[in-house]
Amino acid sequence: MTADFVQDDKTTALRERLGSRSIVLVGMMGAGKSSVGKRLARRLNLPFADADIEIEQAAGMTIPEIFAHHGEPAFRDGEKKVISRLLENGPMVLATGGGAFMSDETQAAIARHGISVWLKAELDLLLRRVRRRDDRPLLKTDDPGTTLARLIDLRYPVYARATLTVVSHDVPQDVMVEAVVDALAGHLGAEPTGETP
């Protein structure tokens, strides 16, 4: 259990500049959106939502079950609706699924109601992380590494449309949170004014 972060001038200014907008984390599975998102929300004293969990609750089944029973198109349709609904209730920190930002409709909704932050991670880091879990429907293939590499080729040019990019490293999550806070503060002009002597 990590201690709650102390509110400081930077986070206070960031919250003020954010207004009613949400911080929306996008990127590949395994990039750290949920784990960083939870800590970022605590750091900024904002609610946190994980779109995948919200989709499961709305559907009454797990994401692998949605894929198995209804297929990916039905999942993506539900995903768009859930994210759109969540964005109406900002500000919050919202972690999205890896394919969510591929939708032009979802990108537009995020642009209207939030600031998108791409957690960009290299293939080897993603592979190490996703191998710890067995609930990734898109990786249920003979060669998950090749599948993940193909998804990176497809998705990274689209993720690059996010407002901000923060490179995800194999460092403690709190270090990643500070990197996201710094990127947001710089973007919103929420850096502390003046320097202490």
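What's counted below: heavy atoms across the whole structure, side chains too, no hydrogens, waters or symmetry copies.
Using modelled atom types, one side-chain atom of Arg17 and one backbone atom of Leu188 make a donor-acceptor pair closer than 3.5 Å. Looking only at distances, no side-chain donor or acceptor of Arg15 sits under 3.5 Å from a matching main-chain atom of Thr12. In this structure, Lys33 contributes its side chain and Trp118 its backbone to no donor-acceptor pair below 3.5 Å. No donor-acceptor pair under 3.5 Å is formed between the side chain of Ser20 and the backbone N or O of Gly90. Ser168 places no side-chain N or O within 3.5 Å of a backbone atom of Lys120 that could act as its donor or acceptor partner. Looking only at distances, no side-chain donor or acceptor of Ser22 sits under 3.5 Å from a matching main-chain atom of Val24.
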Listing, residues 58-69 side-chain donor-acceptor contacts under 3.5 Å, not counting sequence neighbours, or none:
| unit_1 | atom_1 | unit_2 | atom_2 | d |
| --- | --- | --- | --- | --- |
| Thr62 | OG1 | Glu65 | N | 3.2 |
| Thr62 | OG1 | Glu65 | OE1 | 3.4 |
| Glu65 | OE1 | Thr62 | N | 2.9 |
| His69 | ND1 | Glu65 | O | 2.9 |

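With rounding to the nearest 0.5 Å, the separation of CD1 in Ile110 from OG1 in Thr163 is 9.0 Å. Note that the CZ atom of Arg112 and the CD atom of Gln107 stand 12.0 Å from one another [nearest 0.5 Å]. Rounding to the nearest 0.5 Å gives a distance of 11.5 Å between CE of Met92 and NE2 of His113. The structure places CD of Glu79 at 6.5 Å from CG of Asp52, a figure rounded to the nearest 0.5 Å. To the nearest 0.5 angstrom, Arg43 atom CZ is 9.0 Å from Leu14 atom CG. Here Ser116 contributes atom OG and Leu25 contributes atom CG; the two are 9.5 Å apart, rounded to the nearest 0.5 Å.
By the 4.0 Å N-to-carboxylate-O rule, Lys38 lies too far from Asp50 to be salt-bridged with it. A salt bridge links Arg161 with Asp104: the distance from a Lys NZ or Arg NE/NH1/NH2 to an Asp or Glu carboxylate oxygen falls below 4.0 Å.
Arg76 has its side chain out of reach of Met102: every pair of non-hydrogen atoms, C-beta onward, lies at least 4.5 Å apart. Contact annotation: the side chain of Ile152 never approaches that of Tyr159 to less than 4.5 Å [non-hydrogen atoms, C-beta and beyond]. Using a 4.5 Å cut-off on side-chain heavy atoms (C-beta onward), Leu40 and Met176 make no contact. Side chains of Leu148 and Met29 form a contact here, defined as non-hydrogen atoms less than 4.5 Å apart. With a 4.5 Å cut-off on side-chain heavy atoms, Arg128 and Leu125 count as touching. Using a 4.5 Å heavy-atom threshold, the side chains of Thr106 and Thr96 count as separate.
At a threshold of 4.5 Å between side-chain heavy atoms, the hydrophobic network of Ile, Leu, Val, Met, Phe, Trp and Tyr places Leu119 and Val171 in one connected group. No chain of hydrophobic side-chain contacts below 4.5 Å, direct or via other Ile, Leu, Val, Met, Phe, Trp or Tyr residues, connects Ile53 to Val36. A continuous path of hydrophobic side-chain contacts links Tyr156 to Leu127 [ILVMFWY only; heavy atoms under 4.5 Å]. Hydrophobic clustering of Ile, Leu, Val, Met, Phe, Trp and Tyr side chains at less than 4.5 Å, counting indirect connections, unites Leu154 with Leu123.
Closest of all the heavy-atom pairs between Val166 and Ala183 is CG2-CB, 3.8 Å. The two residues Ala51 and Ile83 come nearest to each other via the heavy atoms CB-CG1, 3.9 Å.
For Glu88, the side chain to side chain donor-acceptor pair (under 3.5 Å) test picks out no residue, with sequence neighbours left out.
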Test log, rule side-chain contact (heavy atoms from CB on, under 4.5 Å), inputs Arg150 and Thr147:
CA-CA 5 Å; Arg150 184 179 52 77; Thr147 303; 3.8 Å; yes
